[in-house]
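Every chain is numbered from 1, with letters handed out A, B, ... down the list of sequences.
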Amino acid sequence: MPELPEVEVVRAGLAPAAIGSLITAVTVWDERALTRHASGAADFVARLEGRTFAGAERRGKFLWLPLASGEDALIAHLGMSGQMLLRTPDAPAERHERIRIDVEHAHHGELAIVFADQRTFGSLAVDDLVADGPSRIPTQVVHIARDPIDPFFDDRAFVLAVRRRNSAIKRILLDQQVISGVGNIYADESLWAARIHPETAGRTLSAQAVARLLAEIRTVLAKALAEGGTSFDAQYVNVNGQAGYFAHSLNAYGRGGQPCPRCGGLIRREAFMNRSSHYCPRCQRRR
DNA sequence: CTAAGGCCCTGAGGGC
DNA sequence: TGCCCTCAGGGCCTTA
């Protein structure tokens with residue numbers, strides 16, 4: 001489940017190979033991988049072939065590779081199971097390969113950037129870049145809030161936004177228009193660390209509690225990033241196909257029925273927004 | 001504007 | 001062995 005740390009690992013892995021690479025060929029095996037590209041596969045290919053990647057950027061769970069001498073970028077969202085893999089040109093097709101981008105790099109030679117995706121919630125697109133303060137972002141990312149490791153993230157505005165809402169704090173954390181990059185795993189982990197029950201209404205939290213939660217979010221994300229992200233079911237891997245290690249460090253997520261590492265109470269798992277919440281009913285008291 | 005719920009999709013795994 | 005059911009969940013969409 002790629003959230004901010006996993007997408008950042010992919011972005012950082014892609015950067016050295018992609019930046020400066022000339023796109024020599026693009027193959028779309030499955031058009032469902034282009035749901036974010038409205039004008040179809042032929043247009044997608046035409047807008048990439050012959051171009052050169054000039055960067056590797058990310059906001060929240062979106063990543064994009066700006067194209068040289070242009071106002072556009074290849075954007076990617078991995079959804080639940082999307083992978084961006086670096087392969088040699090002669091490598092056999094991946095099991096769920098959807099799109100292949102053949103490139104040529106001055107130092108690394110010929111490479112293939114492969115987009116594979118089992119559950120097809122992820123997709124690629126070529127999108128125009130627009131100004132956003134000091135930076136430029138794809139039009140499809142304009143509505144996405146800055147993520148908590150973005151230097152321009154506005155802590156004060158976040159605290160106000162949370163305290164204005166009556167929704168459950170977990171739902172607020174999953175709203176990419178309030179704070180981006182946090183998904184189900186890191187929402188549960190951050191709430192556990194801050195000792196906040198996931199159903200607590202945002203408006204009932206003190207400014208101090210929200211600030212503490214934000215600090216815990218940053219701590220959890222940084223630790224996960226340092227460990228290469230969370231790999232649960234072999235869906236998330238880095239550009240070389242390797243798993244991350246953070247699954248071993250989880251305190252709440254996926255640990256329903258097991259003792260809370262902090263107080264020994266049993267972690268509860270319950271349905272929430274068509275997914276699951278994991279929390280300790282003993283040290284994350286409902287208010 | 002906020003809030004709440006549903007849908008898209010595939011493969012793994014459990015039960016019988 | 002095989003069939004059926006449930007589950008995983010990010011982003012977007014609809015409805016109130």
Handout entry: Stepwise salt bridge (charged side-chain N to carboxylate O under 4.0 Å, His left out) check, A/Arg255 with A/Asp188
Key = CA-CA 11 Å; A/Arg255 300 192 69 251; A/Asp188 281 358; over 6 Å; no
Handout entry: Charged tip of A/Arg136 within 45° of A/Trp64 ring normal and under 6.0 Å
Key = no
Problem - B/dT2 phosphate, OP1 or OP2, under 4.0 Å from A/Arg165 side-chain N/O - result: yes
Practice task
For B/dC8, take OP1 and OP2 only and decide whether either is under 4.0 Å from a side-chain N or O of A/Thr35.
Solution key: no
Exercise for the section: Using only side-chain N and O atoms of A/Arg171, determine if any of them is under 4.0 Å from OP1 or OP2 of B/dA3. Expected result: no
Practice task
For C/dG11, take OP1 and OP2 only and decide whether either is under 4.0 Å from a side-chain N or O of A/His143.
Solution key: no
Handout entry: First encountered from the 5' end of DNA chain B, between A/Asn166 and A/Thr120
Key = A/Asn166
Practice task
Considering just the side-chain nitrogens and oxygens of A/Arg119, establish if one lies under 4.0 Å of OP1 or OP2 belonging to B/dG11.
Solution key: no
Problem - A/Gln118 side chain, from C-beta outward: closest of B/dC9, C/dC12, B/dG11 - result: B/dG11
Practice task
Return no unless some side-chain N or O of A/His96 is found under 4.0 Å from OP1 or OP2 of B/dT10.
Solution key: no
Completion exercise
From the list A/Asp155, A/Asp150, A/Asp147, salt bridge (charged side-chain N to carboxylate O under 4.0 Å, His left out) partner of A/Arg218 resolves to A/Asp155
Exercise for the section: Let me know, please, whether A/Arg203 or A/Arg98 comes out on the 5' side of the other along DNA chain B by nearest nucleotide. Expected result: A/Arg203
Handout entry: Parallel, tilted or perpendicular: rings of A/His37 and A/Phe44 (30°, 60°)
Key = perpendicular
Practice task
Give a yes/no on whether any side-chain N or O of A/Ser167 is located under 4.0 angstrom from OP1 or OP2 of B/dA3.
Solution key: yes
Exercise for the section: Would you indicate what A/Asn274 reaches in the nucleic acid, counting non-hydrogen atoms under 4.0 angstrom: base, sugar-phosphate, or nothing? Expected result: base
Handout entry: C/dG11 OP1/OP2 closer than 4.0 Å to side-chain N/O of A/Gln176
Key = yes
